[in-house]
Amino acid sequence: MTLRIFSIQHAHHGLAEVERASEVAQELAEELRRVRGVDGVVVLATCNRVELLLDAPGITTAHALLKLARIGQAPSTWNALEGNAALTHLFRVAAGLESMVVGEREIAGQLRRALGEAQDAGHASATLTLAVEEALRTSRRIARETSLHAAGRSVVSEGLDLLGPLDWATQRVLIVGTGSFAGAVASAVRSRGSRDLSVHSDSGRGPAFAASHQLTSVDDLSAALHHADVIVTCRGKGGHSITADMLACPRPVAVVDLSLSRDVAPDVAALPHVTVVDLTDIQRGIAPQWSADTVLADALVLEGVEGVLMRLRSKRVNPAVIELRQSVLDLVADEVERLPVGRPLDRDECAHALRRLATRLLHTPSMRAREAAEADRTEEYLSALHEVYGIVTVDAPDPLNPDEMESQHCPVTGLTLGDLNPHPRLEAL
């Protein structure tokens, strides 16, 4: 297995390292593509992770890490995975099992786009394409056969529940950002009775989102924060969009931070009039309800990984099977050329041609048998013969072991060699 993955993840390395890796991700990939022995590179770069997927049959993991270290701004520490571990990691990432919100589907789309970009540029090898496509197929299967795809809605509900009892009909709710949770937030707070909903987005998508969800778009974030009773953030772009000084007005405010990369600065939670709930708090509450689905998802990942490994093992022997087939067809064609032309063949001529073909086919195996015996590799040869031809050999007695020869029985008479020796009384006569 030639797959290798070098990973920087928000959960393990922190957002700053992810941002550093993202800035030079394409440069890192280009450096690796120039290395002899690297057949393909796919780059998955999101706000929470950078994954470099390599098909590298000709280099070691240590060699690749040295290449990455040459880029001045690149992180110095990577999670390095290879072989089966790398393949399993890829499947888990595609299924959202490595995400903070387990089962989230956004990562699958990002991985699909990463593969497409690599294919368009000619940087995706057959092995990488197979691995990523099968990981995405398993991700879709997990979405069909488990309820993990609904975890996003549970995250929103749990986050709002953690705020405690509120009179939602009187709450002024501000959604900051139009990320993957924003639509679920609008639906959840509206179902609880809230009617005063607004959205702010510094990406320019606020008006379109507001129109599609029947709420108000606001441009001035500072003014909107001072007006809101409940603030739900889901930007996920990195950097803090809400700081303590922005909520300095001393009136009760509830904040739910649904961003994986934290939209709310840490010092906000220290304000006495502000209640902050983040994804870490939410995950503690919802993890138990998804345990059974997670176990099933893990089993589906293992099944998918084994399927890919089986296909890759088959691909390794395909060239040998093709070569074997071609060599046999060449021998047959050669024998056909030897047949007389212009008249029907009689039985003896057909039998002679077939025997000659059989002799030629068995020539190399027969020579290899003799060489194996001379090299004391008989058992290895017999095992290979059984694997290739299905031939089961009957062990012959060892001619160098007289006791073993003496114990052998004639299959017809049942006599041993000892039975064939003259009787002692007859010898005395």
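FYI, side chains are in, hydrogens and waters are out, and symmetry mates aren't considered; it's all heavy atoms of this structure.
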Item to check | Least distance between heavy atoms, Val268 atom then Thr243 atom | outcome: CG2-C, 3.6 Å
Next on the checklist: Please find the pair of heavy atoms, one from Leu345 and one from Pro340, that lie closest to each other, and give the distance.
Outcome noted: CD2-CG, 3.3 Å
Checklist entry - Quick one: does Arg360's side chain have a donor or acceptor within less than 3.5 Å of a partner on Glu335's backbone? => result no
Checklist entry - Taking only residues two or more places apart in sequence, or in another chain, which ones meet Asp376 in a side chain to side chain donor-acceptor pair (under 3.5 Å)? => result none
Checklist outcome for this item: Distance col, row Leu53:CG vs Leu87:CG, nearest 0.5 angstrom, shows 10.0 Å
Checklist entry - Does Arg20 reach the side chain of Ile8, with side-chain heavy atoms less than 4.5 Å apart? => result no
Item to check | Contacts of Arg370 that satisfy side chain to side chain donor-acceptor pair (under 3.5 Å) - sequence neighbours left out | outcome: none
Next on the checklist: Restricting to salt bridge (Lys or Arg N to Asp or Glu O under 4.0 Å), what partner residues turn up for Glu133, sequence neighbours left out?
Outcome noted: none
Item to check | All side chain to side chain contact (heavy atoms under 4.5 Å, CB included) counterparts of Ala118, not counting sequence neighbours | outcome: Val42, His123, Ala124
Checklist entry - To the nearest 0.5 Å, what is the distance between NE2 (His200) and OG1 (Thr233)? => result 12.0 Å
Checklist entry - Should we say atom CZ of Arg34 is surrounded by more than 12 heavy atoms from elsewhere, each under 6.0 Å from it? => result yes
Checklist entry - Quick one: does Ser194's side chain have a donor or acceptor within less than 3.5 Å of a partner on Arg190's backbone? => result no
Checklist entry - If you take all heavy atoms of Leu339 and Ala353, which pair is closest and at what distance? => result CD2-CB, 3.8 Å
Checklist entry - Can you list the steps and then say if Leu97 with Phe91 is a side-chain contact (heavy atoms from CB on, under 4.5 Å)? => result CA-CA 9 Å; Leu97 297 177; Phe91 271 64; over 6 Å; no
Item to check | Heavy-atom side-chain contact between His213 and Ile175 under 4.5 Å | outcome: no
Next on the checklist: For a side-chain contact (heavy atoms from CB on, under 4.5 Å) check, start with the C-alpha distance between Leu52 and Trp78, then their side-chain angles and the critical distance, and finish with the verdict.
Outcome noted: CA-CA 10 Å; Leu52 300 176; Trp78 295 78; 3.9 Å; yes
Next on the checklist: Closer than 3.5 angstrom, by distance alone: can the side chain of Ser191 be matched with the main-chain N or O of Ala188 as a donor-acceptor pair?
Outcome noted: yes
Checklist entry - Which residues pass the side chain to side chain contact (heavy atoms under 4.5 Å, CB included) test with Leu354, sequence neighbours left out? => result none
Checklist outcome for this item: CD1 (Ile5) and OG1 (Thr61) are apart, to the nearest 0.5 Å, by 11.0 Å
Next on the checklist: Can you list everything that forms a salt bridge (Lys or Arg N to Asp or Glu O under 4.0 Å) with Arg311? Sequence neighbours excluded, please.
Outcome noted: Glu134
Checklist entry - So Asn84 and Val305, side-chain contact (heavy atoms from CB on, under 4.5 Å) or not? Walk me through it. => result CA-CA 8 Å; Asn84 292 8; Val305 167; 5.5 Å; no
Checklist entry - Who pairs with Asp161 by salt bridge (Lys or Arg N to Asp or Glu O under 4.0 Å), at least two apart in sequence or on another chain? => result Arg192
Item to check | Partner of Val185 under side-chain contact (heavy atoms from CB on, under 4.5 Å), chosen from Val232, Leu160, Val256, Val176 | outcome: Val232
Next on the checklist: So, using side chain to side chain contact (heavy atoms under 4.5 Å, CB included) as the criterion, who are the partners of Thr378 when residues are at least two apart?
Outcome noted: Ala373, Leu382
Item to check | Ile231 and Leu247, any side-chain heavy atoms less than 4.5 Å apart | outcome: yes
Checklist entry - Does a side-chain heavy-atom distance below 4.5 Å link Leu258 with Ile282? => result yes
Checklist outcome for this item: When rounded to the nearest 0.5 Å, the distance separating SG of Cys350 from CZ of Arg355 is 10.5 Å
Next on the checklist: So does Ala64 get a backbone contact from the side chain of Arg4, meaning a donor-acceptor N/O pair under 3.5 Å?
Outcome noted: no
Checklist entry - Among all residues two or more places apart in sequence or in another chain, which pass the side chain to side chain donor-acceptor pair (under 3.5 Å) test with Glu306? => result Arg313
Next on the checklist: For a quick check under 3.5 Å, do Asp39 and Ser125 share a side-chain donor-acceptor pair by atom type?
Outcome noted: no
Next on the checklist: Counting C-beta onward and ignoring hydrogens, is there a side-chain heavy-atom pair between Ser241 and Asp202 closer than 4.5 Å?
Outcome noted: no
Item to check | Summary of side chain to side chain donor-acceptor pair (under 3.5 Å) pairs that have at least one residue in residues 108-117, sequence neighbours excluded | outcome: none
Next on the checklist: Is there a side-chain contact between Leu90 and Leu111 in this structure, where contact means two heavy atoms from C-beta onward sitting under 4.5 Å apart?
Outcome noted: yes
Checklist entry - If you look at every heavy atom in Leu65 and Ala80, which pair is closest and at what distance? => result CD1-CB, 4.5 Å
Item to check | For Ser217 against Pro207, the heavy-atom pair lying closest together | outcome: OG-N, 3.5 Å
Item to check | Beyond-backbone contact of Ser7 with Leu81, side-chain heavy atoms, under 4.5 angstrom | outcome: no
Next on the checklist: Please check: side-chain N/O of Ser383 versus main-chain N/O of Glu380, any donor-acceptor pairing under 3.5 Å?
Outcome noted: no
Next on the checklist: Distance check, rounded to the nearest 0.5 Å: Glu31 atom CD versus Arg33 atom CZ?
Outcome noted: 11.0 Å
Checklist entry - Quick check: does any side chain N or O of Ser212 sit under 3.5 Å from a backbone N or O of Ala208, one acting as donor and the other as acceptor? => result yes
Checklist entry - Run the side-chain contact (heavy atoms from CB on, under 4.5 Å) check on Asp257 and Leu279 step by step: do they pass? => result CA-CA 7 Å; Asp257 188 350; Leu279 277 178; over 6 Å; no
Checklist entry - How about Phe6 and Leu28: do any of their side-chain heavy atoms sit closer than 4.5 Å? => result no
Checklist entry - Asp263 and Cys234: which non-hydrogen atoms are nearest, and at how many Å? => result OD2-N, 3.5 Å
Item to check | Counterpart residues, salt bridge (Lys or Arg N to Asp or Glu O under 4.0 Å), relative to Arg343 (two or more places apart) | outcome: Glu349
Item to check | Residues in side chain to side chain contact (heavy atoms under 4.5 Å, CB included) contact with Thr146, at least two apart in sequence or another chain | outcome: Ile142, Leu148, Asp293, Leu296
Checklist outcome for this item: Rounding to 0.5 Å, atoms CD (Gln9) and CD (Glu51) come to a distance of 5.5 Å
Checklist entry - Just by modelled atom types, is the Asp281 backbone N or O under 3.5 Å from a matching donor or acceptor in the Asp278 side chain? => result yes
